[in-house]
Amino acid sequence: MSVMTNIKRKLFSEQATPYVLLLPAVIMILIVVLFPLIFSLYTSFTGYKLTRPDTLFKLVGFRNYVRIFGDWDFWVAFFRTVGFLAVVINLEFLLGLGIALLINKITWGQRTMRTIMMFPMMFSPILVGFQFKFIFNDNVGILNNALQGLGITEAAIPWLVDGWLAMGAIAFAEIWMSTSIFAILLLAGLFAMPKDPLEAAQVDGCNAWQTFRHITLPFLMPFAYIAMTIRSLDVARAYDVVDTMTGGGPAGRTELLWTLIARTGYDSANMGMANAMAYVSIILSIAFTYYFFSKLVAARRYMGGAL
Amino acid sequence: MTEVSLSQVVKRYGQLEVVHAIDLEIRHSEFVVLVGPSGCGKSTTLRMIAGLEEISGGTIKIGDKVVNKLAPRDRNISMVFQNYALYPHMTVRDNLGFGLKIAKHPESEIQNRVEEAAEILGLGMLMDRLPAALSGGQRQRVAMGRAIVRNPDVFLFDEPLSNLDAKLRVQMRTEIKKLHKRVNNTIVYVTHDQVEAMTLADRIVIMRDGHIEQVGTPLEVFDHPVNTFVASFIGSPPMNQLEGKVVDGGKSGLQITLADNILIPVPKRSKNRVSVGQDITVGIRPDDLTPVGHGMKEDGETVSFDLTVSISEPLGTETILFSSIGAKEVQGKMLNPRPIELDERLTFNLAMDRVHLFDAASGQNVLGDANG
């Protein structure tokens, strides 16, 4: 009796309330995130094939890891992902910066522009993939139709068939979809920027470019690092757009880590191997996040905690 | 030699004219303070000299050069801003050296000049800190250091002390004055604080509503305010202003009647400038309204009358006495103070040779010229 009341009192005490209220969420996260994470880590050390459930208990040690590290296709996909990420994020940053600077200059319709800018982010990546697949299709795509109709090119350009062009087309789709993340965050940075240092720089002898280079840009970089952290996570796990546009083809020339992982895990049913790849890819993502975050933390020092 | 000269300078924002054709000559190595209430156009004027605001009309010359169309960086000026405007991502050292770096001075020279400025302003210990890690006074010092490093023709100060606490403000005021003595450049300084203006300036420019009301040395504007605005703006506590009327006192000559049947003679120097029946605003500085036995040297012509002291504010060396004449509150000063009873009635001496007379309708000093 007294034990029950004791438990009751503890459960309903003021200190306990937040923990009790958080408990369902914690349990859900454990079920849908932590357990699968541990489970997949475990399977990466087994020869688990989806078609043969008994292999789930066949421990193979580091064999999966040894195999993928010796696998040329894996490294190609790995470095293609890194390269793709570098190109996409840099282009998005430059375009987003340009857009933010222009929108910051206009005085009429600023809010409307901000809203319009977010439209691409509202589409599902699958739909964006299909949309660009249609645009870049070499036979019926509107891009080739337009180019030929205007007499700019004679023959159809094989946008999604040539390896380099296909990679470019996918990059274009990614950039179209997500440049606004950079634009919106950098615009927020521009709005928050104090005017005085800009004027001080003018008096100190800076022309417009020098003011931008030495004052505006350093102020905006923390905002850019936030966008880069978000986008590096996004792009490192790019799957939907690639899968709908090219499916990793032609002949694996647009294969990125996650299309390769999906192919290995589901098409070839090598779930153990796929999970090993997935863990390598997670380490890649962590590395990028860590890099941008340390940049952000360094930049926050001079922002005086304003971010 | 760097004079700054403004002639017929106008600033308009669309239809709204905020600075109305002002003329101002600032001499070489002169410390000029623009002062006035907020919205009087003083900061706008300074920013036009800096080139941060476009000039809508007239000409501004720095030295012999018309600078109307020149960018700020081509004017060889430096400016200290109200909010310091330090570059947040640069250390104190880089903040100081930034202008020189942009001007592509050699590294060794930048270092020497930065060290020198740091020495003058006592920034030695702070050179590698970021602005976020500095106190308000230190930031102010860095902002001033950044201005002097470039050794410009003209320094512009835009209310540089208004974000500091009272004690630090007084201290920095002295430092600015010392700095001017040392570098001896032309300085244009904007403030809304008349004490700052009085203490710092070689000449004060008092502005109101986009017009220049009076230009003069601190003592000139204090002793000879051209109108009631200048009179009330300069001096603390402010000048008492009482409504009166000129009457013919027969044998005693022209007199002015105030409320409560107080009658004062028109001072000799103003005799020919007022006429019977004219409405007059009488300006009396609290320093010139003192209880008998508690004033300054009491030579010259005085008028005495009794007033009831409602509030007294002892300040140590003097006590401010609040009383009223008619419905108007007046302040007087008691030197060598003694304790004052509640509602004590005292006889006050009014020093007539320092009384100011203004035409009530126009607000202009009846003596007309500022240096009368």
Side-chain angles (χ1 to χ4, degrees), chain A residues 93 97 100-101 104-108 185-228 291-307, chain B residues 43 46-47 49-53 70-92 94-105 129-134 139 142-160 163:
Chain A
F93 169 56
L97 181 62
L101 288 171
N104 190 40
K105 281 266 182 256
I106 63 175
T107 49
W108 187 85
L185 280 166
L186 292 174
L187 191 60
L190 285 171
F191 285 162
M193 175 146 198
K195 294 273 171 295
D196 284 3
L198 296 179
E199 294 188 336
Q202 285 182 51
V203 174
D204 257 353
C206 289
N207 58 31
W209 163 249
Q210 287 165 326
T211 308
F212 174 76
R213 166 75 189 75
H214 294 290
I215 312 298
T216 310
L217 199 56
F219 185 85
L220 288 181
M221 280 323 280
F223 295 87
Y225 290 135
I226 293 173
M228 284 177 185
Y291 173 72
F292 289 127
F293 235 76
S294 56
K295 288 269 195 192
L296 177 63
V297 169
R300 273 171 77 158
R301 268 191 330 128
Y302 63 74
M303 303 286 287
L307 253 177
Chain B
S43 276
L46 189 80
R47 291 169 59 82
I49 298 173
L52 295 170
E53 295 279 352
L70 284 187
R73 65 196 164 96
D74 299 322
R75 299 190 180 196
N76 200 20
I77 47 162
S78 60
M79 185 155 168
V80 178
F81 293 82
Q82 181 174 1
N83 301 312
Y84 322 128
L86 301 180
Y87 309 126
H89 55 288
M90 295 183 201
T91 61
V92 169
D94 293 341
N95 260 287
L96 293 175
F98 182 66
L100 297 176
K101 197 178 119 194
I102 289 297
K104 298 208 168 61
H105 286 275
R129 288 212 206 159
L130 288 171
L134 300 179
R139 287 180 205 186
V142 176
M144 273 167 40
R146 190 172 62 183
I148 62 176
V149 155
R150 289 180 41 239
N151 191 24
D153 292 335
V154 183
F155 281 115
L156 305 174
F157 287 84
D158 190 5
E159 307 214 16
N163 284 354

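Quick note on labels: first sequence line is chain A, next is B, and so on, each numbered from 1. Atoms considered below: every heavy atom in the structure, side chains included; atoms not considered: hydrogens, waters and symmetry mates.
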Please report the closest heavy-atom contact between I102(B) and G205(A), naming both atoms and the distance.
CG2-O, 3.3 Å

Side chain from CB out, backbone as N, CA, C, O: work out which of these in L52(B) comes under 4.5 Å of a heavy atom of chain A, or both, or neither.
side chain

Which atoms of Q202(A) come close to chain B, meaning under 4.5 Å heavy atom to heavy atom: side chain ones, backbone ones, both, or neither?
both

At what distance, to the nearest 0.5 angstrom, does NZ of K195(A) lie from CG of N83(B)?
13.0 Å

Identify the two heavy atoms, one from A85(B) and one from A200(A), that lie closest to each other, and give their separation to 0.1 Å.
O-CB, 3.7 Å

Does a side-chain heavy-atom distance below 4.5 Å link V203(A) with R73(B)?
no

Aromatic contact between H214(A) and F98(B), with the criterion being ring centroids under 6.0 Å apart: yes or no?
yes

Donor-acceptor check, side chain of Y87(B) to backbone of A201(A), threshold 3.5 angstrom: yes or no?
yes

Got a salt bridge between R150(B) and D204(A), using NZ or NE/NH1/NH2 to carboxylate O under 4.0 Å?
yes

Which atoms of R47(B) approach chain A - backbone, side chain, both or neither, heavy atom under 4.5 Å
side chain

